[in-house]
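As structure tokens, the structure follows; a few thoughts come after it.
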Amino acid sequence: ETLSRLPVAGDWWALGCAVFEVFCGAIRSVADLKRTDDMPEMLRPDYMRLLSANAAARLRPMELLQNPLFEDDYVSLQLFLEMLNVKDAAEKDRFFNKLV
């Protein structure tokens, strides 16, 4: 019952923590979350929005994926394949023709 009342924005904050750990290592205290020297500079503003104190202002995961860091063929392929079942034939053809 308690879990059903938690806002989804809590998940976005947790995603920010996961992003931190990928680039900067384990979180030992909340203060660690401000030490972003090892994080790619282009990711830092989006990372900070994931951790915003204002839950309504937190960056949503789909917005995070708009970051230039994720403009990569592998990432594009994974995102496309996740949605493959809802793509129409024309979209599939365009995407797969780009791979050739």
Side-chain angles (χ1 to χ4, degrees):
E1 182 178 317
T2 303
L3 289 176
S4 66
R5 290 181 291 170
L6 290 175
V8 176
D11 292 338
W12 303 330
W13 191 86
L15 176 59
C17 292
V19 167
F20 178 89
E21 288 190 330
V22 165
F23 292 103
C24 304
I27 301 168
R28 291 179 183 77
S29 73
V30 176
D32 288 347
L33 295 171
K34 294 181 181 180
R35 288 187 235 141
T36 59
D37 294 340
D38 293 332
M39 187 176 295
E41 192 170 330
M42 69 173 51
L43 185 58
R44 290 178 196 164
D46 287 344
Y47 161 76
M48 294 307 291
R49 282 191 57 208
L50 285 168
L51 299 182
S52 173
N54 178 356
R58 287 190 188 142
L59 189 74
R60 286 152 177 77
M62 286 307 294
E63 293 172 305
L64 178 64
L65 293 174
Q66 306 291 320
N67 187 293
L69 182 69
F70 299 107
E71 289 178 6
D72 180 86
D73 290 339
Y74 177 76
V75 173
S76 295
L77 175 63
Q78 293 302 316
L79 292 173
F80 182 84
L81 292 175
E82 283 182 15
M83 301 297 291
L84 185 63
N85 60 331
V86 296
K87 302 288 184 185
D88 63 30
E91 274 185 291
K92 291 176 186 177
D93 285 343
R94 274 194 308 275
F95 183 82
F96 289 120
N97 283 330
K98 284 194 294 186
L99 294 178
V100 180

Hydrophobic cluster identity match, V30 and L15, side-chain contacts under 4.5 Å: yes

Approximate separation, where rounding is to 0.5 Å, of Q78 CD and D73 CG: 11.5 Å

E71 versus Q66, closest heavy-atom pair with distance: OE2-O, 4.4 Å

Contact list for residues 13-34, test ring-ring contact (aromatic ring centres under 6.0 Å, His included), sequence neighbours left out: none

Sequence-distant partners of M62, side-chain contact (heavy atoms from CB on, under 4.5 Å), two or more places apart: L65

Could you list the donor-acceptor pairs under 3.5 angstrom formed between side-chain atoms of residues 90-100 and any protein atom two or more places apart in sequence or on another chain?
| residue | atom | partner | partner atom | Å |
| --- | --- | --- | --- | --- |
| N97 | ND2 | D93 | O | 3.0 |

Within residues 24-34 or reaching into it, pairs that qualify as salt bridge (charged side-chain N to carboxylate O under 4.0 Å, His left out) - sequence neighbours excluded: D32-R35

Non-hydrogen side-chain atoms of L64 and W12 separated by less than 4.5 Å: no

For R60, side chain to side chain donor-acceptor pair (under 3.5 Å) partners two or more places apart: none

Co-members of V86 in a cluster of I, L, V, M, F, W and Y side chains, linked at under 4.5 Å: M83

Which atom pairs, one a donor and one an acceptor, fall under 3.5 Å between side chains of residues 44-53 and the rest of the protein, sequence neighbours left out?
| residue | atom | partner | partner atom | Å |
| --- | --- | --- | --- | --- |
| R44 | NE | T36 | O | 3.0 |
| R44 | NE | M39 | O | 3.1 |
| R44 | NH2 | T36 | O | 3.2 |
| R44 | NH2 | D37 | O | 3.1 |
| R44 | NH2 | M39 | O | 3.0 |
| D46 | OD2 | N67 | ND2 | 2.8 |
| Y47 | OH | L33 | O | 2.6 |
| S52 | OG | N54 | N | 3.2 |
| S52 | OG | N54 | O | 3.3 |

